[in-house]
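Here is the structure we will look at.
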Amino acid sequence: MKPVILWTDGLIFLLIFVLCAFAWYASKRPHLSAPWKKVGESRSGMISAVVLMFFVGIGFLDSLHYRPADGKGAWSVQVLSAFDALASKMRTRTETTYSAPFATHSFQKEAVLVDGKPERVYPRLKYGGAELHDPARDEIPDVAKRVLASWGWAILAWIAAFVALALALAKGRSLKMSAAMILKGESNHPWDAMLYTLLALFLIFFPAFSLSSHYHVFGTDKVGQDVFYLALKSIRTGLVIGTLTTLVMLPFAIWLGILAGYLGGWIDDVIQYIYTTLNSIPSVLLIVASVLMMQVYIDSHPSLFETMAERADLRLLFLCMILGMTSWTELCRLLRGEALKLREMDYIQAAQAFGVSHLKIVTRHILPNVMHIVLISVVMQFSSLVLAEAVLSYVGVGVDPSMISFGTMINAARLEMAREPMVWWSLAAAFLFMFSMVLAANLFADAVRDAFDPRLQTRSALGILKRVIGRNPQ
Amino acid sequence: MIAYLARRVLYAIPILLGVNLFTFALFFVANSPDDMARLQLGIKRVTPEAIAIWKHAHGYDKPLFYNGADQGLQRFSDTIFFEKSASMFAFDFGRADDGRDIAREIRMRAGPSLEIALPSFVIGMMTNITFALLMAFFRATLLDMWGVVLCVAAMSISGLFYIIGGQFLVAKLWHWVPISGFESGLSSLKFVILPVAIGVVSGIGGGARWYRTLFLEEIGRDYVRTARSKGISELAVLFRHVARNGLIPILTGAVVIIPSLFIGSLILESFFGIPGLGSYTLDAINSQDFAVVRSMVFIGSLLNILGLMLTDISYTVADPRIRLQ
């Protein structure tokens, strides 16, 4: 086993490291952690955070890549991930073609010799429900037995999580009191809602995983791959697009925006010209043109990439860069406006009067005061990027065709609805997973925006003031 | 106002030049004309002569930016960049790889694109405003809350789902309209209805929620309280005061899109087989026809700049206090 760190893996690790570092840094500074506390008190925000953490967990496992030994003393050219290793049954047990969810027989008739005569029958699947003697009779009890058994494990795991949380929050109280406090929702944070979300996730995914090694939970696609596996693999691609794109564009947006607003003059003119120009190209066309060029470049330089995964990965990274290139202008414009406003503030003027250098003023005084705008736009953009990936891949200018993503799943299934009988499960799985991920991201983004947007805060603060003194404070 | 507009038009020229320079760099820096020729002729086993012939036929046998072999201004004008972008400004887009005139193609396809884009835009705006007003009227009730929840859920559904689901339900299962295709004239109606409906439905989530916040912002204003304290009914307050003022940011914000409607929608048109500009672009992408993609980028930017200018004008129309100087 030889670990492989693909480009996007490295960036994901960097991102996680930065987030952890920031969390540690902010936890000691009340002015930084206060808005996050507010996010932590939001019910919908924390429920969606639990769901998102689940997706992120799968995405992270799927980012630990390695190349297994090929048995001949060399490394296989196939790049696998820790998630692939966990789900190896789902990955390797491929049928020959379509099969419905929980099917034991193939979806299409095949010619089989029965008593020397060729007959067209639905053959048994190679793996789906292969242990059953009489599928028509045994399947439902078998599935029920497995579901019940895994629910037992799910509840045990949930109780363990509950006890761990109660212990962590006990702070000198007894475990019973702490648990009661959590369940009654007496804490500032909606622990009860989070625990119930966790329970729901456990109750869904424990049986799903346990059944997936005996059945094809979401059926199989045209080439017989397990659709549940494909949907789970798509999560990483979606997460990478949603996070790395903003990571790529942030330096441009932040520095150019602040410099334009703070320095003014010809620098402002140049930066404004650049982003007006980029902005006036319709973003879809800009993305399309850029991806087209990248595609041609990759096609005409095949020797640059050692494995297929590397090529697909670099293409994903380029896609992030291209999406970032088209999306930084809006944030840049916002930051320029904010920096223009901040430049006239008394504390900046004071710093200038003291002779503090421009670089220091920007990093110490302006940057921290525009971070809320950056953060809000980052979390708001995530979901639209995930959705955009599907559309772009569908159009044919998205991720590499060999990379599993929601877009490539939908693209591969585009003609399946027209089949008779209809093949619905690939599309259903792709849309279901994408919907739950985007919905969770949207709800979380709303919670973050509510906590960080000073406009909303001043309004509510004004409201409180009005109520306290009984008239308009102005 | 006229002086302002003249200045805006003049300012558009360097931007368009920038757009051209940018797309040019995009198309030629990563991939030299040789690469393009090889791609068009098939990657393997292409003789250098064949490449030279292709480059000459398509006008790519000159230096990119600077021609040292020429004299005076010719040094800059006898280059690929000058020839390809100067003709753009004269709306001469040249020919596509299949030999058709791009300008004529664009003229022919703008109609079908508009037939989809304009109704979805107008009907979409009206539906969104209606839903937003409804939620604003029943604000802070269960109806409002569930409306917002539904909006967020609708926002989280991929646009592809609306299209595939709609096509399946309306066209395949119920047989109300043909699945895809297009005819000119009045009979186009049956082809247009479904894409327009899907365009409207897929925009409701984001649109209605956004407009609701705008209306709620307006409802919190002092003049609304004054109107209410005069004893005007809540319905009259909403329609006579709030809706009118709330519509200003909505309408001026929407103006910017109007010129871009010509470009049509890439996805909708390709799904429904509408011979519009969107599907034209998409076909060009799939056949890697650079001339077409470049022309579409140029036209799209032009319309976008036009949209920004119209936005400025619409501000003065909506709010007489604003004067453009």
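Numbers restart at 1 for each chain; the letters A, B, ... are given by sequence-line order, proteins then strands. Because the structure is a prediction, the values reported are computed rather than measured. Computation of the quantities below employed the complete heavy-atom set of this structure, encompassing side-chain atoms and omitting hydrogens, waters and symmetry-equivalent molecules.
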- request: Please state whether the side chain, the backbone, both or neither of Val397(A) comes within less than 4.5 Å of a heavy atom of chain B.
  value: side chain
- prompt: What's the verdict on side-chain contact (heavy atoms from CB on, under 4.5 Å) for Val152(B) and Leu439(A), showing C-alpha distance, side-chain angles and the deciding distance?
  reply: CA-CA 7 Å; Val152(B) 175; Leu439(A) 181 64; 3.9 Å; yes
Any Leu173(B) side-chain heavy atom under 4.5 Å of Met422(A) side chain: no
message: Less than 4.5 Å to any heavy atom of chain A: does that hold for the side chain of Leu282(B), its backbone, both, or neither?
response: side chain
Atom CZ of Phe168(B) with >12 non-hydrogen neighbours under 6.0 angstrom: yes
field: Phe406(A) side, atom CZ; Leu160(B) side, atom CG - distance, nearest 0.5 Å
entry: 12.5 Å
query: Counting heavy atoms not belonging to Lys172(B), are there more than 12 under 6.0 Å from its NZ?
result: yes
field: Under 4.5 Å from any heavy atom of chain A - which part of Phe22(B)
entry: side chain
- prompt: Is it the backbone or the side chain of Val19(B) that comes under 4.5 Å from a heavy atom of chain A, or both, or neither?
  reply: both
query: To the nearest 0.5 Å, how far apart are CE in Met434(A) and OG in Ser156(B)?
result: 10.5 Å
query: For the residue pair Phe431(A) and Phe161(B), does the interplanar ring angle fall in the parallel (under 30°), tilted (30 to 60°) or perpendicular (over 60°) class?
result: perpendicular
- prompt: About how many Å separate CG of Asn304(B) and CG of Asn279(A), when rounded to the nearest 0.5 Å?
  reply: 7.5 Å
- request: Measure distances from Ile274(A) to the heavy atoms of chain B and classify the residue's part below 4.5 Å as side chain, backbone, both or neither.
  value: neither
query: Could you give the distance from CG (Leu308(B)) to OG1 (Thr276(A)), rounded to the nearest 0.5 Å?
result: 9.0 Å
- line: When rounded to the nearest 0.5 Å, the distance separating OG of Ser158(B) from CG of Leu387(A) is 5.5 Å
Ile267(B), part contacting chain A, at a heavy-atom distance under 4.5 Å: side chain
message: At a 4.5 Å cut-off on heavy atoms, which part of Phe298(B) comes close to chain A: side chain, backbone, both, or neither?
response: neither
- request: Heavy-atom distances under 4.5 Å only: say whether Thr281(B) touches chain A with side chain, backbone, both or neither.
  value: side chain
task: Measure Ser383(A) against the heavy atoms of chain B and call it side chain, backbone, both or neither at under 4.5 Å.
output: neither
Per-residue contact mode, Tyr394(A) against chain B (heavy atom under 4.5 angstrom): side chain
query: Rounded to the nearest 0.5 Å, how far apart are CD1 of Ile15(B) and CG of Leu278(A)?
result: 11.0 Å
- prompt: Taking side chain as C-beta onward, heavy atoms only, is Ile410(A) less than 4.5 Å from Ile164(B)?
  reply: yes
statement: For Tyr11(B) and Tyr273(A) the tightest heavy-atom approach is OH-CA, 4.5 Å
